[in-house]
Protein chains: 2
Amino acid sequence: MTTEGRGLHTRVLDALGLAITAGEYPAGSVVRTDEVAQRFDVSRTVVREVVRVLESMHLVESRRRVGVTVRPAEEWNVYDPRVIRWRLAGADRPRQLRSLTVLRSAVEPVAAGLAARNATPEQCAALTEQALGMVATSRGRRLEEYLVHDIAFHRVVLNASGNEMFARLGDVVAEILTGRTRHQVMFDDPDPAAVTLHVGVAEAVREGDAARAEELTREIAVGALQELDVLAP
Amino acid sequence: MTTEGRGLHTRVLDALGLAITAGEYPAGSVVRTDEVAQRFDVSRTVVREVVRVLESMHLVESRRRVGVTVRPAEEWNVYDPRVIRWRLAGADRPRQLRSLTVLRSAVEPVAAGLAARNATPEQCAALTEQALGMVATSRGRRLEEYLVHDIAFHRVVLNASGNEMFARLGDVVAEILTGRTRHQVMFDDPDPAAVTLHVGVAEAVREGDAARAEELTREIAVGALQELDVLAP
DNA sequence: CGGCGGTAAAAAGTACGACGTTTACATCAC
DNA sequence: GTGATGTAAACGTCGTACTTTTTACCGCCG
């Protein structure tokens with residue numbers, strides 16, 4: 001339960017953030033800084049800094065005379081990597097995973113198309129390397145190794161798009177892929193069709209074929225969504 | 001220069017955030033908390049809270065014995081609304097506007113398609129209402145009124161998609177549209193073609209025609225990108 | 001009996017000073 | 001020249017005192 005962070009600040013922040021995103025404090029409920037300080041056995045200073053960060057994530061709102069009130073989930077900064085991690089660790093993991101995958105399905109095809117236009121030779125090489133790595137580890141219960149290549153592949157695509165907003169989604173994609181591998185029981189090896197599609201994307205980007213890169217990535221995304229349909233209500 | 005915020009915290013945070021995103025402190029440069037406290041005539045307590053928030057945005061990194069170091073721009077949490085606002089107020093506004101518009105062009109069509117499937121009758125009504133409002137204010141130098149309807153329209157679409165990640169981009173779109181109206185010299189009325197497209201999207205969503213809603217929104221996005229091409233290098 | 005205003009308390013906001021902890025850097029010994 | 005060691009600089013944490021804002025309560029007046 002204790003996240004065992006580097007400092008007191010991190011420890012309290014993680015604990016509180018996790019509790020809030022998990023719904024332990026319903027929207028509108030209040031906590032007092034002194035109370036939190038006592039509960040975690042830290043000074044009010046530490047708690048105040050934590051509250052300020054939580055406030056910057058729009059998870060809570062601090063008002064005088066009333067305390068720190070939890071904001072409704074719709075107002076949370078769901079793009080904050082820490083909020084994403086907390087929510088993926090919580091109860092409504094499937095719902096969160098679906099939201100993120102839909103986002104992926106919108107963004108990644110466009111990013112791949114841009115990558116086909118903008119990728120540097122180094123990025124093309126990296127892409128091919130990761131695709132080959134995926135092929136090599138796609139059989140024989142080597143899911144963990146496969147995952148590393150998969151994450152690296154998508155990260156390169158997003159970076160190669162040349163768009164900073166896309167590039168910053170690399171962490172999100174990494175979280176999604178990691179979550180899928182770790183938490184959803186995957187008895188067999190990854191879908192061979194997906195592996196082939198990745199190789200195709202690498203090819204298309206290398207050849208500068210934006211339309212094909214976009215289309216193939218769209219198929220990957222559709223596959224990911226369908227895969228999610230099988231395992232989530 | 002002074003942002004005249006509600007509290008000392010907000011004032012210092014805005015000033016520092018603005019300065020950092022504006023590039024006044026190059027990546028790697030360090031500032032000391034005491035120094036900042038002195039410069040803004042506030043206590044170290046306030047500065048520490050500000051630094052913690054800045055740290056949570058990945059704008060800076062605080063390390064012992066060295067100080068608060070500014071992180072390279074690639075690591076910033078560019079999805080944080082405050083970072084977006086700071087950057088839009090800064091020097092590389094055009095570049096930022098382009099990045100965001102590309103993101104829009106990827107997300108909004110998919111969101112519109114989902115909206116066509118998921119929109120409630122109330123949302124459909126709101127959509128039609130805003131579209132009509134756009135038509136009504138599309139002539140006669142009523143850009144400010146038009147903007148209000150434009151923002152509301154896109155916000156409804158993103159909310160109606162039923163995806164929280166999309167919904168949270170409403171603020172981003174609002175910033176973009178506002179920036180476009182306010183900062184780019186728009187001598188004449190908005191493009192009539194765009195107005196027609198918005199009406200079409202409202203219709204498509206109402207009729208549950210996901211493919212058409214997506215396609216029309218894609219055309220809106222393409223138009224926005226082209227418009228940006230005319231005004232940015 | 002009900003509305004209005006003033007006062008008091010509660011909680012966060014701010015400030016300050018002290019000490020702990022880490023770590024870059026310089027110095028010294030080998 | 002290289003490694004160990006010491007030192008000081010900066011953040012990290014703490015406790016306390018004071019300020020400010022906001023709410024709630026109580027008493028007064030109509």
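Because the structure is a prediction, the values reported are computed rather than measured. Reminder, nothing fancy here: chain letters follow the sequence lines and each chain counts from 1. For the numbers below, each heavy atom of this structure counts, side chains included, while hydrogens, waters and symmetry mates do not.
One atom, CD of B/Gln38, and another, P of D/dA10, lie 13 Å apart when rounded to the nearest Å. Rounded to whole angstrom, the span from the NE2 atom of B/His9 across to the P atom of C/dA15 amounts to 13 Å. In this structure, A/Asp41 places its CG atom 13 Å from P of D/dT13, rounding to the nearest Å. Nucleotide D/dA10 holds its P atom 8 Å from the CG atom of B/Asp34, rounded to whole Å. In this structure, CG of A/Leu8 is placed 18 Å from P of D/dC11, rounded to the nearest angstrom.
In the region residues 47-72 of chain A, proximity to DNA chain D at under 4.0 angstrom, judged on heavy atoms, holds for A/Arg63, A/Arg64, A/Arg65.
For the pair A/Arg82 and A/Asp14, the salt-bridge criterion is not met [side-chain N within less than 4.0 Å of a carboxylate O].
In this structure, the ring of B/His149 has its center no less than 6.0 angstrom from the ring center of B/His198.
A donor atom on one side chain and an acceptor atom on the other are not found under 3.5 Å apart for A/Arg48 and A/Thr33. Neither side chain, A/Arg63 nor A/Thr69, offers a donor N or O lying under 3.5 Å from an acceptor on the other.
Judged purely by atom type and a 3.5 angstrom limit, B/Asp150 has no side-chain atom pairing as donor or acceptor with the backbone of B/Tyr146. Of the possible donor and acceptor atoms, one in the side chain of B/Gln123 sits under 3.5 Å from a partner among the backbone N and O of B/Thr120.
Nucleic acid contact class of A/Thr33 (heavy atoms, under 4.0 Å, all strands): sugar-phosphate only.
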